[in-house]
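Residue numbers start from 1 in every chain, and the chains themselves are labelled A, B, ... in the order their sequence lines are given, proteins ahead of strands. Owing to the predicted nature of the structure, the values given are computational and were not obtained by experimental measurement.
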Protein chains: 2
Amino acid sequence: MSAPVPDASRRSSRARDAILAAARELVASDGYRGLSIEGIAARAGVGKQTIYRWWPSKGAVVLDAVLALSEGPDAEVELPDTGDLRADLRTVVRATVDELADPSFEAPLRALYAAMITDADLTAAYRRRVADPVDSAKERRLRSARDAGHLAPDTDLGLLRELLFAPIVQRWLLATGPLDHAFADALVENALLVARAPASTEAETAS
Amino acid sequence: MSAPVPDASRRSSRARDAILAAARELVASDGYRGLSIEGIAARAGVGKQTIYRWWPSKGAVVLDAVLALSEGPDAEVELPDTGDLRADLRTVVRATVDELADPSFEAPLRALYAAMITDADLTAAYRRRVADPVDSAKERRLRSARDAGHLAPDTDLGLLRELLFAPIVQRWLLATGPLDHAFADALVENALLVARAPASTEAETAS
DNA sequence: TGTTCAACGAGACGGTGCGTCTCGTCAACC
DNA sequence: GGTTGACGAGACGCACCGTCTCGTTGAACA
């Protein structure tokens with residue numbers, strides 16, 4: 001009944017790296033539609049069983065491939081905190097927009113979303129390994145601003161984060177509008193407007 | 001080279017209805033993963049060719065199935081406009097949340113999103129037939145409020161619409177938080193805060 | 001250094017759904 | 001009443017699925 005758990009200490013890192021690289025290359029050239037386990041195995045020079053041994057689904061392979069794009073180790077995310085909230089938010093939100101416009105990020109990430117929509121387990125894994133750490137970092141930065149008096153004391157940091165980033169993902173998924181710095185800046189200005197400290201002009205940055 | 005366009009005047013509406021109903025039933029019971037053209041054809045009592053004759057892809061069938069859920073004819077969408085912006089927005093945003101929580105809507109819509117993410121043609125068709133009309137209706141309601149002085153004259157109606165609804169879709173897709181009326185109301189309050197008319201207390205509803 | 005043993009590359013296997021095709025049937029229009 | 005094209009049905013070759021065996025290999029431990 002229980003799975004015959006393989007011995008991770010004997011795992012070939014060469015095979016793992018080749019599989020993730022092959023997945024990235026194939027999804028970039030053929031899209032998620034043309035991505036198959038057999039194709040990944042062939043391109044990586046690996047037996048199919050080596051993939052099935054370590055990953056539960058094609059989507060899980062893609063998740064690891066996406067993670068391998070932006071990590072050394074499982075480094076924890078940290079956002080810039082120069083004290084200038086507007087500038088820091090612009091940096092981060094613009095970077096998000098740029099990342100989604102970069103084909104080498106866009107292709108595997110789109111594939112990952114396609115898999116997640118119909119795979120609740122994969123969605124949970126994505127939240128745990130990607131979304132939660134990133135969201136925490138964003139909220140740390142916002143909390144720092146709130147503590148410094150740059151945001152109203154009763155600001156809902158989670159909601160503010162969603163207002164900053166959800167419209168970006170929405171435009172990206174359905175191509176309902178341009179994904180550029182102007183849009184990023186508009187979202188930042190909106191966030192500052194929503195949650196600005198009530199009686200302060202002092203702490204606000206001028207830019 | 002050109003497609004041998006079938007004769008629409010001879011199309012069987014019985015077959016069309018049976019196909020869309022079968023697609024809805026199967027996606028509700030088995031999810032999008034288990035949805036196949038062969039399964040739809042078998043359930044509908046229809047030849048596979050009848051599906052391929054009229055739809056370019058499985059996702060296109062699902063799009064029509066979703067559309068058939070909420071239409072008589074291609075009725076144009078109209079939102080409530082009682083003059084009370086807060087109340088009207090709550091109604092609409094809460095209804096959106098409720099719809100995404102209703103399994104009979106949720107299942108085919110999730111299937112449609114899964115298909116759209118990897119199918120730009122289908123995404124364009126969805127925008128044209130669903131998203132654009134709905135978005136226009138939303139912006140008409142917001143414009144009416146702006147004209148009535150309930151929103152600041154320089155309010156970006158499109159951005160406001162995205163701030164109201166994108167966070168909902170985001171939570172729905174990745175299950176990153178509860179989709180309830182409290183969340184809907186928070187989004188409405190945020191929108192009213194962002195775009196409130198500068199010097200007016202008069203026109204605002206009290207609720 | 002040698003032994004061990006599970007992960008490895010390779011690929012056969014039955015199963016499923018794909019998209020195309022070819023039938024005979026049927027109903028609408030001429 | 002003849003023509004015609006959509007219809008239901010299903011055969012076909014193909015791609016990929018997930019499971020299963022093979023030898024082979026190389027890392028861990030004695």
key: Carboxylate-amine/guanidinium contact B:E78 B:R141, below 4.0 Å   = no
ask   = Is the shortest side-chain N/O distance from B:R43 to OP1 or OP2 of D:dG8 below 4.0 Å?
value = no
ask   = Heavy-atom contacts under 4.0 Å between residues 107-123 of chain B and DNA chain D, which residues?
value = none
inquiry  = Check this for me, if you would: do A:E189 and A:R90 make a salt bridge, where the nitrogen-to-carboxylate-oxygen distance has to be below 4.0 angstrom?
reply    = yes
Proximity to DNA chain C (any heavy atom under 4.0 Å), residues of residues 16-41 of chain A only = none
query = Checking A:T155 side chain against A:L151 main chain: does a donor-acceptor pair fall under 3.5 Å?
reply = no
ask   = Aromatic ring centroids of A:Y113 and A:W172 under 6.0 Å?
value = yes
key: A:S9 versus A:D7, side-chain donor and acceptor atoms under 3.5 Å   = yes
key: Pairing residues for B:D64 by the side chain to side chain donor-acceptor pair (under 3.5 Å) criterion, not counting sequence neighbours   = B:W55, B:R129
ask   = Does the side chain of B:Y32 come within less than 4.5 Å of B:L112's, by heavy atoms?
value = no
ask   = Which angle, rounded to 10°, do you find between the first-five-pair axis and the last-five-pair axis of the helix from C:dT1-D:dA30 to C:dC30-D:dG1?
value = 30°
key: CA sep, side-chain torsions, deciding dist, call: B:D102, B:S104, side-chain hydrogen bond (donor to acceptor under 3.5 Å, both in side chains)   = CA-CA 6 Å; B:D102 174 358; B:S104 72; 3.1 Å; yes
For DNA chain C, the residues among residues 47-57 of chain B that have a non-hydrogen atom under 4.0 Å from it = B:K48, B:Q49, B:Y52
Shortest non-hydrogen contact from B:I40 toward B:A22 = O-CB, 3.8 Å
Gap separating the CD atom of A:Q170 from the OG1 atom of A:T176, nearest 0.5 angstrom = 6.0 Å
key: Ring-face cation of B:R16 near B:W54 (centre distance under 6.0 Å, axis angle within 45°)   = no
query = Where do A:R94 and A:D185 land on the salt bridge (charged side-chain N to carboxylate O under 4.0 Å, His left out) test, with the steps shown first?
reply = CA-CA 8 Å; A:R94 286 180 169 196; A:D185 293 349; 2.6 Å; yes
inquiry  = Using a strict threshold of under 4.0 Å (side-chain N to carboxylate O), is an ion pair present between A:D132 and A:R127?
reply    = no
note = Taken to the nearest 0.5 Å, the spacing of A:T82 OG1 from A:D88 CG works out to 3.5 Å
ask   = Within this structure, what is the CG-to-P distance between B:D7 and D:dT3, rounded to whole angstrom?
value = 19 Å
key: Heavy-atom protein contacts under 4.0 Å, nucleotides 23-28 of chain C, coded B base, S sugar-phosphate only, - none   = ----B-
request  = Please round to the nearest 0.5 Å and tell me the distance separating atom CZ of B:R171 and atom CZ of B:F183.
outcome  = 3.5 Å
